[in-house]
Amino acid sequence: LVIYNTIIDALCKEGLVNEACNLCSKMINKGISPDVVTYSSLIHGFCCIGKLDEASRLFKEMEHRKIYPNVYTFSIMVDALCKEGKIVEAKCVVDMMLECGQEPDIVTYNALIDGYWLINKVREAIELFDNIVKRGLALDVWTYNIMINGYCKIKRVDDALSFFKEMHCNNIVPNVATYNTLIDGLCKSGRIFRAQELVKEMHHAGVFPDFFTYNILLDALCKCKHLDSAIALYQKIVDWGIKPD
RNA sequence: UAGUCUUACCC
């Protein structure tokens, strides 16, 4: 079952969800019953290709087979609905999970917070963030990244930077996505100098730049007409043996 | 073995 699940998940991640379903049918024919992991992978797969109707169908089917959704399955549905801007429906799913005796975890909440940002409900995003803190649930680096990204996208980079400070105080270690988000936000707000400082800070913190970082910097340098610097950076990246996009 | 964040490109 674990081997089947691994392959089914890999197919889903390649967008080959129908193939994954076929494999699942084959598995059933061989007498192996799918479990909550199998269904979660398939539901996630359908969500990723925008077929939420198919995802919901599988969601009902699994309950019918007495395979009950867990916090992963519910979070997948919450995230997919949020990404379509359907926050009301996403909250219904959270209510549903509570009724099923499943507690939403930080991942579920992170998806919801991001959902609020996606539809520009800044106030609601902050309220939910504060509520999580009040309820004593541990925030993680993703929670902060989502808040930082939200503020950067509405050009409130200083608010993003205060969350960046706050995460240090809470002993949450920024990762490459944290730095990338802030560097991009600073660049797009024209604060190239501060962005460069962050690049140094990132290096100092032992966080390695990735494709995102380079794309962000190359994009910023090109748009600032610092084509010479962009070419120099591009050359460095190539020399380091990293493939730029 | 499954879920949440960051760039460009495309639209």
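Naming: A, B, ... by sequence-line order, numbering from 1 per chain.
Within the 4.0 Å cut-off from OP1 or OP2 of B:U6, at least one side-chain nitrogen or oxygen of A:N149 is found. Put simply, A:K153 has a side-chain N or O that comes within less than 4.0 Å of OP1 or OP2 on B:U7. One finds no side-chain N or O of A:K188 lying less than 4.0 angstrom from the OP1 or OP2 phosphate oxygen of B:U6.
Distance from the side chain of A:H44 is smallest for B:G3 among the nucleotides B:C5, B:U1, B:G3. For A:W142, the side-chain atoms get nearest to B:C5 when compared with the rest of B:A2, B:A8, B:C5. The nucleotide whose nearest atom lies closest to any side-chain atom of A:I76 is, among B:U7, B:U1, B:G3, B:G3. Distance from the side chain of A:D35 is smallest for B:U1 among the nucleotides B:U1, B:C5, B:G3.
Checked by atom type and distance alone, the side chain of A:D159 never pairs as donor or acceptor with a backbone atom of A:S162 at under 3.5 Å.
Distance A:I183 CD1 to B:A8 P: 14 Å, rounded to the nearest Å. The CG-P distance, from A:D210 to B:A8, rounds to 14 Å in whole Å. Residue A:I3 contributes atom CD1, which lies 14 Å from atom P of B:A2 at whole-angstrom precision. Rounding to whole angstrom units, CE of residue A:M62 and C1' of B:A2 are separated by 11 Å. The nearest whole Å value for the distance from the NZ atom in A:K13 to the C1' atom in B:A2 is 6 Å. Taking atom CZ of residue A:F212 and atom P of nucleotide B:A8, one finds them 10 Å apart after rounding to whole Å. A:L217 places its CG atom 13 Å from the C1' atom of B:U6, with the value rounded to the nearest Å. Atom OH in A:Y116 sits about 19 Å away from atom P in B:U4, given to the nearest Å.
Under 4.0 Å is where a charged nitrogen must lie from a carboxylate oxygen, and between A:K91 and A:D95 no such pair does.
When every heavy atom of A:D105 is checked against every heavy atom of A:S75, the shortest pair comes out as OD1-OG, 4.2 Å.
At the heavy-atom level, A:S75 lies under 4.0 Å from base atoms of the strands shown. Contacts of A:V141 with the nucleic acid, taken as non-hydrogen atoms under 4.0 Å apart, are absent. Residue-level contact check: A:S40 touches the bases, meaning some heavy atom is under 4.0 Å from a base atom.
Inspection of the A:N22 and A:S25 side chains reveals no N or O donor paired with an N or O acceptor under 3.5 Å. For the residue pair A:N170 and A:Y144, a side-chain donor N or O sits within less than 3.5 Å of a side-chain acceptor on the partner. A side-chain donor from one of A:D140 and A:N110 sits under 3.5 Å from a side-chain acceptor of the other.
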Listing, residues 117-126 of chain A side-chain donor-acceptor contacts under 3.5 Å, not counting sequence neighbours, or none:
residue : atom : partner : partner atom : Å
A:R123  : NE   : A:E127  : OE2          : 3.2
A:R123  : NH2  : A:E127  : OE2          : 3.2

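A heavy-atom distance below 4.0 Å to RNA chain B is reached by these residues of residues 86-114 of chain A, ordered by number: A:D105, A:V107, A:T108, A:N110, A:A111, A:D114.
For an aromatic pair to be called close, the ring centres must be under 6.0 Å apart, and A:F212 with A:Y179 fails this.
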